[in-house]
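Taking it in order: structure first as C-alpha cells, then the write-up.
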Amino acid sequence: MPKLKRTHTCGELTVEDVKKTVVMTGWVNSSRDHGGVTFIDLRDRYGITQIVFNPEAGEELHRNARILRPEFVIAVKGVVSLRSDETINPNMETGKLEIIADELELLNRSETPPFEISESETITSLEIRLKHRYLDLRRFQMQRNLIFRHKSYQIIRKFLDNINFLEIETPFLTKSTPEGARDYLVPSRVNQSKCYALPQSPQLFKQLLMVSGYDRYFQIVRCFRDEDLRSQRQPEFTQLDLELSFIDEEDIYEIIESLMAKLFSELLEIDIPTPFPRLSYKDAMDSYGCDKPDLRFGLKIKNLTDLAGKSDFKVFTGAVESGGKVKGINAKGCSKFSRKDIDDLTASLADCGAKGLAWFKVEDGRVLTSSIAKFFSKELQDEIADRLEAEPGDLLLFVADKDKVVDSSLAQLRLNLAKILNLTKKDDFQFTWIVEFPLFEFNSDMDRFDSLHHPFTSPRSEDLSILDEKPLEVKARAYDLVVNGVELGGGSIRIHDPEIQKKAFKLLNIDDESARSKFGFLLDGLKYGAPPHGGIALGLDRMVALMLGLDDIREVIPFPKTQKATCLMTGAPSAVDQVQLKELGLKIDD
RNA sequence: GGGGCCGUAGCUCAACUGGUUAGAGUACCAGACUGUCGAUCUGGAUGUUGCGGGUUCGAAUCCCGUCGGCCUCGCCA
C-alpha cells in the first residue's frame with residue numbers, strides 16, 4: 001500500500017501554493033540528470049510539474065531519483081517553490097514553479113515504451129499507436145481529445161435536460177431489419193438458430209417511445225453497421241439521437257442550431273450564427289454536385305449543357321446527345337496553371353469516372369484560349385464566359401458525361417481546387433441544412449423505388465396526392481445537417497399514420513407479409529394513437545473531430561478499429577472455442 | 001469486390017540505375033557532469049529489410065504469391 005497520498009495534481013499549482021508541502025503522483029515524463037541536481041518532469045492528465053532532487057536532501061533520495069526512467073509511476077512529497085527568474089520555463093504552464101523533493105516513492109516501474117509518450121511532435125504510425133493504445137491514450141493530444149469529448153457530452157446533456165428531454169436507453173440486442181446497412185449479428189444460445197442484431201440506430205424504438213408519450217427523448221448511443229470503413233466511418237460509432245412529438249421541422253432546426261451554437265461558444269469560443277442557411281437537395285446538386293457541400297468557399301458549378309450542344313466539340317455534343325450534360329467551374333485566377341497542373345486535376349477525377357477535363361484560359365479582353373477553342377464560335381465563347389462570370393486570369397474547367405459522373409467529378413474538382421488554392425480555414429464552420437430531399441430514388445438494378453432516407457420518413461402533405469402517380473417527384477420531410485463538407489447528421493418527420501406507412505411500403509416493394517415480419521411491432525404501435533413525431537441523429541465522433549480540426553474520427557475514439565474492422569490491441573475479432581460454438585448450435589466452414 | 005500507396009534497428013526514416021560490411025536521428029545501456037527543461041559530453045549495444053517463393057554471379061531494390069497498415073471507388077435505408 002502506497003505511503004504517500006496525492007494532495008495536488010500536476011497541473012494545478014499556482015504561485016499561491018508556494019511554500020506548501022504537497023504530494024504529487026504521476027508518470028515520469030522526462031528526466032535530466034546532472035550528476036548532482038536531478039530534474040524530473042512529472043506528468044498526469046492535468047499537466048506537468050518539475051520536481052527537483054537535490055543531493056543535499058539526502059543521499060538515498062538522490063540515488064533513487066537517478067534511476068527513474070520515463071513512464072515510471074511515482075509519488076513525490078516536497079515543498080512548492082518559486083523558480084529563480086533565469087530558470088523560469090515560459091513554455092510550461094507550471095513553469096514558474098517547481099517542487100523541491102524530500103520524499104520519493106516508486107509506485108511502479110515501466111518497460112521502455114515502444115514509442116515516446118512525451119514527444120509531442122514525432123508522429124508514430126497509427127498501426128503502432130493502435131497496438132499500444134493504452135500508451136497512445138497517455139499522450140497529451142489524445143487526453144485533450146477525450147476530455148474535449150467528455151465536455152461536449154456534459155453540455156449536450158445539460159442543454160437537453162433543461163428543455164425537458166429524457167435520456168432513455170434502448171436495447172443493443174434487438175431484431176435484424178435487413179434494409180439499409182448490413183447488420184452485425186449475435187447468435188442466440190437460448191433460441192438456437194436465431195440471431196439478434198446490433199442496432200444500426202435506435203430508429204424504431206425511439207418512434208415507439210413517442211407512441212408511449214415520452215415526447216422528448218434523447219440518447220447518446222452506440223450504433224453498429226457492418227460496412228467498409230473510412231477515416232470518417234467506424235463499424236461502431238456514437239450518435240446523439242433525438243425524437244420529439246407534436247413538432248415540425250422548424251422545432252428540430254431550432255433545437256439543433258441552439259445546441260450547436262452552445263457547444264461552439266462554450267468549447268471553442270466561436271460564435272456560430274443562427275439560424276443556419278437552408279439549401280434544397282436540388283440546388284445543392286446543381287451548384288455543388290453533391291448533397292454535403294463545403295460552403296466555406298464558392299467555386300460554384302454552372303450548367304452549360306444548352307451552350308455545349310451548340311459547339312462543334314464532339315465530346316460535348318456527344319454527351320448532350322446521349323442524354324448526359326456538361327457543367328463547369330470557374331477556377332478564379334488559375335489561368336497560370338500549367339498543362340501538368342491540369343493533367344493532375346484530370347487524373348484526380350478518374351475515380352469519379354470522368355474521362356477528361358476540358359478547359360479554357362481567360363486572357364486579356366476575355367479571350368478564351370485552349371486547344372479546343374476552335375470548336376466554339378466567338379459568340380458561344382462569350383456566352384460561356386458570361387455564364388461562368390469569367391474574368392481575365394481565370395481558368396474554366398468542364399466535364400461532359402453522364403449526369404452522375406459530371407456531378408461527382410465536379411464535386412471532387414471543387415474540393416481539390418479549394419485545397420490547392422488554400423480556400424478553407426480550420427476555424428471557419430459553415431453550417432447548412434440540406435432540405436427537400438426526394439422521398440424515393442429509383443433502383444434500376446432491382447427495378448423498384450428505394451427510400452433516400454428510410455421507409456418511415458413522411459412525404460410532404462402537399463405531395464400525398466401524387467404519391468402513386470409520380471413517386472419520384474414526392475419530396476420528403478427530411479433534413480441533413482452539413483458542416484464544411486461533412487454530413488454531421490440527418491433526420492426526418494416520420495409517418496405516424498399506418499395507412500400512409502402501408503402505402504410507402506408498397507412503393508418500396510415491401511409486401512404486407514414482409515412488412516409485418518420486419519416492422520410489425522412498429523406498425524402495431526402506430527395503430528394506438530401515435531402522435532405526430534420526428535427526430536434527428538448527429539454523428540458525435542464526427543462532430544468532436546470536426547471541432548478539434550481532425551480529419552480522422554479515430555483520433556476521438558479511445559479504442560477504434562482498423563480499416564479491416566479489427567482491433568490491433570485485443571486482436572478482435574478472433575476464433576472462438578468449439579464449446580462456445582456448440583452451445584450456440586453453430587458450425588463454421590473453413 | 002475493384003484501384004492506389006506503404007512495410008528496413010524499439011520508434012521515425014535513408015540506402016542513386018540490382019553491387020562491397022544496410023546507415024542516420026531518436027530511444028535504449030554504461031560512464032561523466034549541481035539549474036536543466038528536446039539537457040550536454042564520451043562510449044556501447046541494436047536488423048528474419050513483414051513472410052514465402054522466383055529471376056540473377058549478386059535482391060531491401062525486379063517478378064509472383066501472401067500477411068498487415070493507410071487512402072479511395074463500390075457499400076454506408
Side-chain angles (χ1 to χ4, degrees), chain A residues 29-42 48-57 62 66-67 69-71 81 83-92 94-95 98 100 111-132 135 177-183 200-201 203-204 223-235 237 347-353 405 408-409 412 437 439-441 443 445 449-457 476 478 487 490 492 504 508 510 518-519 537 539 551-552 554 561-564 566 568:
Chain A
N29 193 59
S30 61
S31 62
R32 293 172 294 282
D33 178 358
H34 286 245
V37 66
T38 292
F39 301 94
I40 297 286
D41 286 345
L42 189 65
I48 292 179
T49 298
Q50 174 165 282
I51 317 289
V52 184
F53 294 92
N54 286 310
E56 294 79 9
H62 186 243
R66 293 183 68 185
I67 62 158
R69 292 290 175 272
E71 306 314 316
S81 55
R83 299 197 199 180
S84 63
D85 284 350
E86 63 279 11
T87 62
I88 287 175
N89 184 346
N91 302 318
M92 230 170 135
T94 59
E98 60 193 5
I100 309 298
E111 285 187 16
T112 302
F115 52 89
E116 290 155 76
I117 312 302
S118 58
E119 200 70 53
S120 51
E121 286 163 40
T122 308
I123 298 138
T124 311
S125 69
L126 189 62
E127 195 174 352
I128 302 288
R129 290 174 56 204
L130 291 181
K131 184 166 181 198
H132 305 275
L135 291 177
T177 51
E179 271 70 25
R182 218 173 276 120
D183 282 324
Q200 298 175 28
S201 87
Q203 183 62 35
L204 302 182
C223 301
F224 305 86
R225 294 180 189 175
D226 187 5
E227 297 294 344
D228 284 359
L229 286 78
R230 293 283 191 283
S231 55
Q232 289 276 324
R233 231 159 63 192
Q234 281 275 308
F237 61 99
S348 71
L349 305 183
D351 270 349
C352 309
V405 171
S408 63
S409 46
Q412 189 59 50
F437 284 90
L439 188 62
F440 302 114
E441 60 186 346
N443 182 333
D445 293 341
F449 299 105
D450 279 348
S451 297
L452 207 69
H453 193 60
H454 61 52
F456 319 108
T457 300
E487 186 196 326
S492 63
L508 292 166
I510 301 173
K518 287 170 182 164
F519 315 114
D551 294 326
D552 190 337
R554 283 173 290 207
K561 304 280 189 289
T562 67
Q563 196 174 38
K564 280 209 177 143
T566 66
L568 293 178

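Below, read A as the first sequence line, B as the second, and so on, with proteins coming before strands; counting in each chain starts at 1.
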- Task: Find the distance A:Ile100:CD1 to B:G35:C1' and express it as a whole number of Å.
- Result: 10 Å
- Pair A:Arg32 + A:Asp41: basic N to acidic O under 4.0 Å: yes
- Task: Could you walk me through whether A:Phe53 and A:Arg66 pass side-chain contact (heavy atoms from CB on, under 4.5 Å), step by step?
- Result: CA-CA 9 Å; A:Phe53 294 92; A:Arg66 293 183 68 185; over 6 Å; no
- Rounded to the nearest Å, what distance is computed from the CD atom of residue A:Gln412 to the P atom of nucleotide B:C73? 7 Å
- Compare every heavy atom of A:Cys352 with every heavy atom of A:Gln412, then report the nearest pair and how far apart it is. CB-SG, 3.8 Å
- Pairwise P distance, B:C70 and B:C13 [rounded to whole Å]: 15 Å
- Task: Write down the distance between CE (A:Met92) and P (B:G35), rounded to a whole number of angstrom.
- Result: 18 Å
- Item | Rounded C1' spacing from B:G35 to B:C29 in Å | 26 Å
- Query: Are the side chain of A:Gln232 and the backbone N or O of A:Asp551 linked by a donor-acceptor pair below 3.5 Å?
  - Reply: yes
- Rounded distance (Å) that lies between atom C1' of B:C37 and atom CG of A:Asn91: 9 Å
- How would nucleotides 65-70 of chain B be written as a contact map, 5' to 3', with B for base contact, S for sugar-phosphate-only contact and - for no contact, using protein heavy atoms under 4.0 Å? ---SSB
- Task: Over all heavy atoms of both residues, which pair between A:Gln234 and A:Lys561 is shortest? Give the atoms and the distance, please.
- Result: OE1-N, 2.8 Å
Every protein N/O lying under 3.5 Å from an N/O of nucleotides 39-46 of chain B:
from, atom 1, to, atom 2, distance (Å)
B:A39, N6, A:Asp33, O, 2.7

- Query: If only atom types and distance count, is the side chain of A:Thr566 paired as donor or acceptor with the main-chain N or O of A:Thr562 below 3.5 Å?
  - Reply: no
- Task: Tell me, please, which residues at least two apart from A:Arg83 pass salt bridge (Lys or Arg N to Asp or Glu O under 4.0 Å).
- Result: A:Glu98
- Message: Measuring only the C1' atom in each nucleotide, how far is B:U56 from B:G47? A whole number of Å is fine.
- Response: 24 Å
- Query: Expressed as a whole number of Å, how far does the P atom of B:A22 sit from that of B:U26?
  - Reply: 22 Å
- Message: Restricting to non-hydrogen atoms, name the atom on A:Met92 and the atom on A:Gln50 that form the minimum distance, rounded to 0.1 Å.
- Response: CE-N, 4.0 Å
- Message: In this structure, how many angstroms lie between the P atom of B:G35 and the CZ atom of A:Arg66, rounded?
- Response: 13 Å
- Message: Main chain of A:Phe456, side chain of A:Ser451: is a donor-acceptor contact present, judged purely on distance under 3.5 Å?
- Response: no
- Would you say the base of B:C37 and the side-chain of A:Arg83 have a donor-acceptor pair closer than 3.5 Å? yes
- Message: Pick the closest RNA chain B nucleotide for A:Ser125 and for A:Cys352 by heavy atoms, then say which residue is nearer the 5' end.
- Response: A:Ser125
- Task: Searching all strands shown, indicate the nucleotide that pairs with B:G7 (Watson-Crick or G-U wobble; both distances under 3.5 Å).
- Result: B:C67
- Task: Under 4.0 Å between any heavy atoms, over every strand shown, what does A:Thr457 touch: base, sugar-phosphate, or nothing? Just pick one.
- Result: nothing
- Task: Using atom CD1 of A:Ile128 as one end and atom P of B:C6 as the other, report the distance to the nearest whole Å.
- Result: 19 Å
- Using the P atom on both, measure B:C16 against B:A59 and round to a whole Å. 16 Å
- Task: With heavy atoms under 4.0 Å as the rule, sort A:Pro70 into base, sugar-phosphate or nothing.
- Result: sugar-phosphate
- When the P atoms of B:G4 and B:G58 are considered, how many whole Å apart are they? 31 Å
- Message: Restricting to salt bridge (Lys or Arg N to Asp or Glu O under 4.0 Å), what partner residues turn up for A:Asp183, sequence neighbours left out?
- Response: none
- Atom P, compared across B:A15 and B:G7: separation rounded to whole Å: 11 Å
- Assign A:Pro55 to base, sugar-phosphate, or nothing according to its heavy-atom contacts below 4.0 angstrom with the strands shown. base
- Hey, is the main chain of A:Gly36 close enough, under 3.5 Å, to the side chain of A:His62 for a donor-acceptor pair? yes
- Task: Measure up the A:His34 and A:Phe39 rings against each other and bin them: parallel (under 30°), tilted (30 to 60°), perpendicular (over 60°).
- Result: perpendicular
- Considering Watson-Crick and G-U wobble pairs with both distances under 3.5 Å, what does B:A32 pair with? B:U40
- P atoms of B:U17 and B:A27, separation to the nearest Å: 32 Å
Under 3.5 Å, which N/O atoms of the protein pair with N/O atoms of nucleotides 74-76 of chain B?
from, atom 1, to, atom 2, distance (Å)
B:G74, N7, A:Arg230, NH2, 3.1
B:G74, O6, A:Asp228, OD2, 3.4
B:G74, O6, A:Arg230, NH1, 3.1
B:G74, O6, A:Arg230, NH2, 3.3
B:G74, N1, A:Asp228, OD2, 2.6
B:G74, N2, A:Asp228, OD2, 3.4
B:C75, O2', A:Glu227, OE1, 2.5
B:C75, O2, A:Arg233, NH2, 3.1
B:C75, N3, A:Arg233, NH1, 3.4
B:C75, N3, A:Arg233, NH2, 2.8
B:C75, N4, A:Arg230, NH2, 3.4
B:C75, N4, A:Arg233, NH1, 3.4
B:C76, O2, A:Arg233, NE, 3.4
B:C76, O2, A:Arg233, NH1, 2.9
B:C76, N3, A:Arg233, NH1, 2.9

- Expressed in angstrom and rounded to an integer, what is the separation of A:Ile88 atom CD1 from B:G35 atom P? 18 Å
- Message: Please report the distance, rounded to the nearest Å, between CD in A:Glu116 and C1' in B:U12.
- Response: 10 Å
- Message: Looking at A:Arg182, is its backbone amide N or carbonyl O close enough to the side chain of A:Glu227 to form a donor-acceptor pair, meaning the two atoms are under 3.5 Å apart?
- Response: yes
- Query: Taking the six-membered ring for Trp, does A:Phe39 stack with B:U36 (centroid gap under 5.5 Å, planes within less than 30°)?
  - Reply: yes
- Message: Suppose we screen for side chain to side chain donor-acceptor pair (under 3.5 Å). Which residues come up paired with A:Glu56, at least two apart in sequence or across chains?
- Response: none
- Query: Which is true for A:Asp351 with a 4.0 Å heavy-atom rule: it touches a base, it touches only sugar-phosphate, or it touches nothing?
  - Reply: sugar-phosphate
